[in-house]
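Below: the structure, in structure tokens.
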There are 2 protein chains.
Amino acid sequence: MLNKKASTQKTREKILDTAEHLFSIYGIDGTSVRNITRQAGVDLSLVNYYFNTKDQLFEEVLVRRVAKMSDARIEQLNEFNFNEDKNTAIPKILRRFIEPLIGKNENEVKELSNYRKLIALVANSKLWQDVIFKYHYDPIAEEYIDAIWRLSNNLSREDVCWAFNFFLGSLTNAIAETGRVDRLSYGDACSSDLDTMVNKIVAYSSAAILHMGNIKTTH
Amino acid sequence: MLNKKASTQKTREKILDTAEHLFSIYGIDGTSVRNITRQAGVDLSLVNYYFNTKDQLFEEVLVRRVAKMSDARIEQLNEFNFNEDKNTAIPKILRRFIEPLIGKNENEVKELSNYRKLIALVANSKLWQDVIFKYHYDPIAEEYIDAIWRLSNNLSREDVCWAFNFFLGSLTNAIAETGRVDRLSYGDACSSDLDTMVNKIVAYSSAAILHMGNIKTTH
DNA sequence: GTCTATAGCTTGATAGAC
DNA sequence: GTCTATCAAGCTATAGAC
């Protein structure tokens with residue numbers, strides 16, 4: 001028999017897990033509290049008991065993941081060796097930024113699967129900028145931008161900002177695992193093969209950052 | 001006094017314009033038919049009269065733009081000179097792909113503004129892949145992938161697919177105009193300055209495609 | 001902490017007058 | 001083609017029993 005505290009933990013997390021899952025597929029407005037509780041197998045009123053409102057439930061879904069993510073990224077940065085040649089340092093630092101979003105082992109990769117898709121879904125919307133990105137993600141993004149700026153000696157900070165945003169756009173689209181690359185490649189590439197995806201995006205984005213200064217864009 | 005046909009055209013397009021606008025901000029589920037008709041200044045029941053269902057209205061919002069977009073992109077490709085050096089050809093072909101989404105003059109840029117944001121919103125969702133991208137956008141994407149593959153002699157088609165998807169991820173995020181690059185650059189960059197954005201993304205993505213084959217990604 | 005029951009509102013869609 | 005009126009269903013949130 002579960003005691004009160006263990007039951008609370010179990011119900012709370014069942015709601016959070018199910019909410020994260022449905023939000024990541026149908027969006028926040030496309031997911032009703034009823035659908036969440038039905039699929040989680042708990043009573044409708046328990047969402048309001050634990051989280052007050054649907055909005056606060058969504059906030060909790062995010063907060064639950066975001067602290068760990070930021071800590072891991074900062075740790076990766078603190079341990080980073082900036083004396084390395086930039087041709088190898090840039091790929092490394094991008095990989096360090098990506099890894100906490102993917103996970104270190106099979107379990108973690110699976111655990112973060114719905115979270116990744118949810119982040120992808122809100123990344124291209126202006127609505128969630130203040131709620132999510134401004135406070136939770138921007139401070140760490142700024143650290144990485146400064147680090148990359150230090151490593152790439154021939155770019156302005158503004159250009160590094162553009163570059164990092166383009167990189168984030170590629171990344172958020174890739175973790176959405178839309179299956180589009182599968183179709184376009186006639187099955188040769190697989191959007192759910194995250195190991196390969198990470199290798200490809202690191203190569204692509206590093207090449208972009210290292211060489212964008214030398215491209216002529218006059219048309 | 002307007003005749004019947006002119007009135008129909010006017011009401012239909014007022015609904016389409018308003019729907020496109022609200023969908024692009026709040027998403028499909030976050031926008032009610034009532035909100036659309038209220039803001040458009042037309043009666044609630046006219047949505048069902050002209051479009052039957054909300055889903056079909058959304059479909060019409062997309063279809064209205066997509067044919068022009070595809071035609072322009074194919075035309076750009078047909079006129080393309082493939083004998084040029086790849087270092088200048090790659091930036092050029094990427095620019096050709098982007099331009100129809102932005103518009104040729106101030107009016108077009110403004111007219112397509114909401115459409116761009118709507119596309120950005122659905123691009124990172126698996127839900128809309130079949131409805132929108134598979135049939136409306138993939139055929140043209142394949143043409144551009146093959147063209148880029150032809151130009152970049154040292155990449156596999158699979159790698160070009162990954163690259164083009166990363167490019168599309170950057171692009172869809174950029175046209176969302178989330179304002180994030182503004183914050184991260186402390187105001188030096190501006191996400192609504194599309195001219196600059198296009199120059200930057202062309203440089204970034206061309207560098208990526210031209211040089212990704214030479215990056216070592218071992219960690 | 002979990003349940004039933006329900007209030008109060010918004011939703012998409014339609015029937016029928018003009 | 002446009003309007004009023006309305007339906008049936010779904011929604012978030014809450015009050016109160018256990």
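Below, chains carry the letters A, B, ... as their sequence lines are ordered, and counting in each starts from 1.
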Summary of salt bridge (charged side-chain N to carboxylate O under 4.0 Å, His left out) pairs that have at least one residue in residues 191-202 of chain B, sequence neighbours excluded: A/Asp159-B/Lys200
Contacts of A/Thr11 that satisfy side chain to side chain contact (heavy atoms under 4.5 Å, CB included) - sequence neighbours left out: A/Ser7, A/Ile15, A/Val42, A/Leu46, A/Tyr50
Any residue of residues 47-59 of chain B with a heavy atom less than 4.0 Å from an atom of DNA chain C: B/Asn48, B/Thr53, B/Lys54
Within 45° cone of A/Phe80 ring axis and under 6.0 Å: A/Arg96 NZ or CZ: no
Partner set under side chain to side chain donor-acceptor pair (under 3.5 Å) for B/Asp43, not counting sequence neighbours: B/Ser45
Set of side chain to side chain contact (heavy atoms under 4.5 Å, CB included) partners for B/Lys126, sequence neighbours left out: none
Side chain to side chain donor-acceptor pair (under 3.5 Å) involving A/Glu59 - partner list, sequence neighbours excluded: none
For A/Glu143, all residues meeting side chain to side chain donor-acceptor pair (under 3.5 Å), sequence neighbours excluded: none
Interface with DNA chain C, restricted to residues 31-46 of chain B and to heavy atoms under 4.0 Å: B/Thr31, B/Ser32, B/Val33, B/Arg34, B/Leu44, B/Ser45
For B/Tyr115, all residues meeting side chain to side chain donor-acceptor pair (under 3.5 Å), sequence neighbours excluded: B/Tyr137
B/Ser185: side chain to side chain contact (heavy atoms under 4.5 Å, CB included) partners, not counting sequence neighbours: A/Cys161, B/Asp188, B/Ala189
Range on DNA chain C touched by chain A, heavy atoms, distance below 4.0 Å: C/dG1 to C/dT4
Any residue meeting salt bridge (Lys or Arg N to Asp or Glu O under 4.0 Å) with B/Arg65, in chain and number order, not counting sequence neighbours: B/Glu20, B/Glu111
